[in-house]
Amino acid sequence: MTPTRPTEADRADGKASLCLAYYGDDFTGSTDVLEALSRAGISTVLFLRPPTAQQLARFPGIRAFGVAGGSRTLTPEQMERELPPAFEALRASGAPIIHYKVCSTFDSSPTTGSVGRAIELGRKVFGEQPTPLVVGAPVLGRYVVFGNLFARSGLDTEPYRLDRHPTMSRHPVTPMTESDLRRVLAAQTDLPVKLVDVLQLEQPGDPGWTVAPGVPAPVVLFDTLREAHLPVIGRVIEDLVRNVPLFVVGSSGMEYALVAHWRRRVSVATADACGLETVEQLVCVSGSCSPVTARQIAVAVEQGFVALDAGPGPLADEGARRRLLEQALALLGQGRSVVLRSSRGPEDACGSSRMPPTDPEKLGLQLGGLLEQLLKRTGLPRAVVCGGDTSTHVARAMGVEALEYRGPMAPGSPVCRVYAPGRVAHGREIVFKGGQVGHPSFFADVLCGVPGAS
C-alpha cells in the first residue's frame, strides 16, 4: 500500500512527498480544505488553476495542494470539458489520494454542479475501485445521519434537515428539496450508493463494503454525526489506497477524517497560532445573498462599519462605479471600514439572487476590480470577500495565482496570504468567506484578527 499519512521521516530529512491533492467545486470550499489541512500542520497551497511543476517548486516542502475550481455552477456538459483535464493534472502529481471537494451543503442538481456526473468522470480517470463519499463535517455544523444531511444556518442555530434549511431549501440555483443524499445522487447518476451508517461505524471491526454479496460498491457514503466517527472513516479510506491514486469525494469532512486518523498514528503538530495582528480598517466586498451574511453586515454597521450598495444598479455603468469608488475612498480616508454589498439578503429584489444566471460572473469581476483599486489607493493589508461564486470571480479579477493559510477566523473561512506576482493583492491577507459561514460578529473578528473576538 502506498503510504499517505505524514511520517516522522518526512520531517526529519527535510523532504516531503505529497499526501493529497484536491479540486474544489467552488472557491470558498477550497479554502475550507486549505484550512483543515494547514491547521493539522500539513503544509498546503491552494492554486486557482492546476499548477505546473515550476509553480509547485515555488513552495518547497508542501504536503498537499488544491485547485479552486468552479464546477458547482457548471452543466454536466461543461463539467465533461472542465474536470477530466483537471483530474489528469492531479493524477500526474503523484499524490496517493485525489479529492473532489464538494460543498458541505451538497449544492448540486442533475443540471447544475452535478456531483453524480463528477463521480462518473473521476472514476473514468482513476479507476473502478470504491469511491468514498464523506459530506458531514461536525466542526462546520454539518451532519449526515442514516444518509440524510443536516446543516446549521450559521454557527448558532439548530441543525436543519437540508430540505427544510432556511437557505438551502430556497437556493436560487440549486434548491435542495431532498435531504437523503442517496436520493439526491440517484437523480444525477446510475451508480449504486452503499451507506455506512452510524450503527456500523460504532460497531467493532470494519464496516461492510458491498452493495450485494461479492459486488463492490461504486460509491460508499459515510454517516458523520460525531467527531469520534472521523478517525474510523479516515482509517477505512487510507486502507483503500493501493498503487494507484484513490479518488474520493466530499466536503472538508474528508480531510478532517484523514487527519483524525493520522493523528492516531504519528504526532501531527497544529498550526493555529499564526500571530494575526489587529488592523485599523477593513475593506470588504460581498456578492452573497445569504441571510447569515446579511446579519453579519448589519452587525458590522452597528459596530461602526459603513455598508454601500453595490448591486446591478450601482454597478450598471462606469460613471456609477466611479462614484461608488470615490464614496468608499472618502469613507476609508475618514478611518471607517467599508462593505460593498450586492444584496441586503435573500428577499432583496435588487440583489444577486434575482439576477440572470450569466450576471453573477460580471458582478464578481466588477467587485474584484473595485476591491483591487481600493487596496491600491489605500494600502490596506487585509480584506474580506463574501460569497462562494463571488470569491472565484474576485480572485481571478485580482490576478490571484495561489493562497497560503495565514490563520483561523471562522470555520471554513481562514485568513489567507495571497500570491499574485505583479498585482496589488500580492502579499495581502484576504478572507474568502462562504455566504453561510461565521458568527454575527464576523467582520469585527477579522478586524481584530481573533476568531470570535467581539
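Heavy atoms only: backbone and side chains are in, while hydrogens, waters and symmetry mates are out.
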Engineer: Just wondering, do Val102 and Val249 contact through their side chains at under 4.5 Å, heavy atoms?
Structural biologist: yes

Engineer: Got a second to check how far Met398's CE is from Ile430's CD1, nearest 0.5 Å?
Structural biologist: 4.5 Å

Engineer: Grab the two heavy atoms, one from Lys194 and one from Ala217, that are nearest each other, plus how far apart they are.
Structural biologist: CB-CB, 3.5 Å

Engineer: For Thr189 and Glu120, which I'm curious about, is there any donor-acceptor pair between the side chains at under 3.5 Å?
Structural biologist: yes

Engineer: Roughly how far, to the nearest 0.5 Å, is OG1 of Thr390 from CD of Gln366?
Structural biologist: 11.5 Å

Engineer: Check whether any side-chain N or O of Ser114 sits under 3.5 Å from a backbone N or O of Pro110 as a donor-acceptor pair, and report yes or no.
Structural biologist: no

Engineer: Which heavy atom in Leu282 sits nearest to a heavy atom in Ala383, and how many Å separate them?
Structural biologist: CD2-N, 4.2 Å

Engineer: Going from CG on Leu221 to CG on Asp180, what distance comes out if it is rounded to the nearest 0.5 angstrom?
Structural biologist: 8.5 Å

Engineer: Is there side-chain contact between Gln55 and Arg49, with heavy atoms separated by less than 4.5 Å?
Structural biologist: no

Engineer: Is the side chain of Arg382 donor-acceptor paired with the backbone N or O of Val446 at a distance under 3.5 Å, no angle test?
Structural biologist: yes

Engineer: Tell me if a side-chain donor or acceptor on Tyr22 pairs with a main-chain N or O of Ser30 at a distance below 3.5 Å.
Structural biologist: yes

Engineer: If the threshold is 4.0 Å, N to carboxylate O, is there a salt bridge linking Glu202 and Arg226?
Structural biologist: yes

Engineer: At what distance, to the nearest 0.5 angstrom, does CG of Leu258 lie from CZ of Arg263?
Structural biologist: 12.0 Å

Engineer: Give the minimum heavy-atom separation between Pro130 and Leu246, together with the two atoms involved.
Structural biologist: O-CD1, 3.7 Å

Engineer: In this structure, is the centre-to-centre distance between the rings of Phe150 and Tyr143 below 6.0 Å?
Structural biologist: no

Engineer: So do Val385 and Lys433 actually touch side chain to side chain, heavy atoms under 4.5 Å?
Structural biologist: no

Engineer: Please report the C-alpha distance between Leu162 and Asn148 in whole Å, then the side-chain angles of each, then the deciding distance to 0.1 Å, and finally whether the side chain to side chain contact (heavy atoms under 4.5 Å, CB included) criterion is met.
Structural biologist: CA-CA 8 Å; Leu162 196 62; Asn148 287 267; over 6 Å; no

Engineer: Is there a side-chain contact between Arg39 and Pro414 (heavy atoms, below 4.5 Å)?
Structural biologist: no

Engineer: Of the non-hydrogen atoms in Ser342 and Gly287, which two are nearest, and what is the gap between them?
Structural biologist: OG-CA, 3.2 Å

Engineer: Could you go through Phe247 and Ile97, starting from their C-alpha distance and side-chain angles, then the distance that decides it, and tell me whether this counts as side chain to side chain contact (heavy atoms under 4.5 Å, CB included)?
Structural biologist: CA-CA 6 Å; Phe247 178 62; Ile97 297 177; over 6 Å; no

Engineer: Taking the side chain from Thr105 and the backbone from Asp107, do they hold a donor-acceptor pair closer than 3.5 Å?
Structural biologist: no

Engineer: I need the minimum non-hydrogen distance between Ser169 and Pro175, along with the two atoms involved.
Structural biologist: O-CB, 3.7 Å

Engineer: Go through the steps to decide whether Tyr23 and Phe65 satisfy the test ring pair (Phe, Tyr, Trp, His ring centres under 6.0 Å), and finish with yes or no.
Structural biologist: CA-CA 9 Å; Tyr23 176 100; Phe65 75 88; over 10 Å; no

Engineer: Is Glu88 salt-bridged to Lys124, cutoff N-O under 4.0 Å?
Structural biologist: no

Engineer: So, applying side chain to side chain donor-acceptor pair (under 3.5 Å) with Ser108, which one of Gln188, Arg117, Arg72 is it?
Structural biologist: Gln188

Engineer: Is there a donor-acceptor contact under 3.5 Å from the side chain of Glu238 to the main chain of Arg235?
Structural biologist: no

Engineer: Quick check: does any side chain N or O of Asp163 sit under 3.5 Å from a backbone N or O of Glu178, one acting as donor and the other as acceptor?
Structural biologist: no

Engineer: Between the main-chain N or O of Tyr419 and the side-chain N or O of Glu404, is there a donor-acceptor pair closer than 3.5 Å?
Structural biologist: no

Engineer: Examine distances only and state if a side-chain atom of Ser286 and a backbone atom of Arg341 form a donor-acceptor pair shorter than 3.5 Å.
Structural biologist: no

Engineer: Determine whether more than 12 heavy atoms belonging to other residues, nucleotides or ligands lie under 6.0 Å from atom CZ of Arg164.
Structural biologist: no

Engineer: Any side-chain to backbone donor/acceptor pair from Ser252 onto Glu255? Under 3.5 Å, distance only.
Structural biologist: no

Engineer: Using the rule given for side chain to side chain donor-acceptor pair (under 3.5 Å), can you reason through Tyr160 versus Thr167, listing the C-alpha separation, both sets of side-chain angles and the distance that settles it, and then say yes or no?
Structural biologist: CA-CA 10 Å; Tyr160 294 93; Thr167 301; over 6 Å; no

Engineer: Working to the nearest 0.5 Å, report the span between CG of Leu195 and CG of Leu181.
Structural biologist: 9.5 Å

Engineer: For the pair Thr75 (side chain) and Gln78 (backbone), establish whether a donor and an acceptor sit closer than 3.5 Å, ignoring hydrogens and angles.
Structural biologist: yes

Engineer: Restricting to non-hydrogen atoms, name the atom on Leu201 and the atom on Ile233 that form the minimum distance, rounded to 0.1 Å.
Structural biologist: CD2-CG1, 3.9 Å

Engineer: Would you please say whether a donor-acceptor pair under 3.5 Å links the side chains of Ser71 and Tyr100?
Structural biologist: yes

Engineer: For residues Pro381 and Glu429, determine if any side-chain heavy atom of one lies less than 4.5 Å from a side-chain heavy atom of the other.
Structural biologist: no

Engineer: May I ask you to decide whether Glu372 forms a salt bridge with Arg423, counting only side-chain N to carboxylate O separations under 4.0 Å?
Structural biologist: yes

Engineer: Does a side-chain heavy-atom distance below 4.5 Å link Pro408 with Pro451?
Structural biologist: yes

Engineer: Let me see the working for Asp32 and Lys101 under side chain to side chain contact (heavy atoms under 4.5 Å, CB included), right down to the final yes or no.
Structural biologist: CA-CA 10 Å; Asp32 179 11; Lys101 197 278 179 186; 3.8 Å; yes

Engineer: Can you find a heavy atom in the side chain of Leu140 that is under 4.5 Å from one in the side chain of Ser251?
Structural biologist: no

Engineer: Is any side-chain heavy atom of Val450 closer than 4.5 Å to a side-chain heavy atom of Asp445?
Structural biologist: no

Engineer: Within this structure, what is the CD1-CG distance for the pair Ile42 and Leu34, rounded to the nearest 0.5 Å?
Structural biologist: 11.5 Å

Engineer: Would you say Ser288 and Thr293 are linked by a side-chain donor-acceptor pair, where the criterion is simply a distance under 3.5 Å?
Structural biologist: yes

Engineer: Under a 4.0 Å N-O cut-off, is there an ion pair linking Arg123 with Glu128?
Structural biologist: yes

Engineer: Could you walk me through whether Gln129 and Arg242 pass side chain to side chain contact (heavy atoms under 4.5 Å, CB included), step by step?
Structural biologist: CA-CA 10 Å; Gln129 67 265 44; Arg242 296 295 182 262; over 6 Å; no

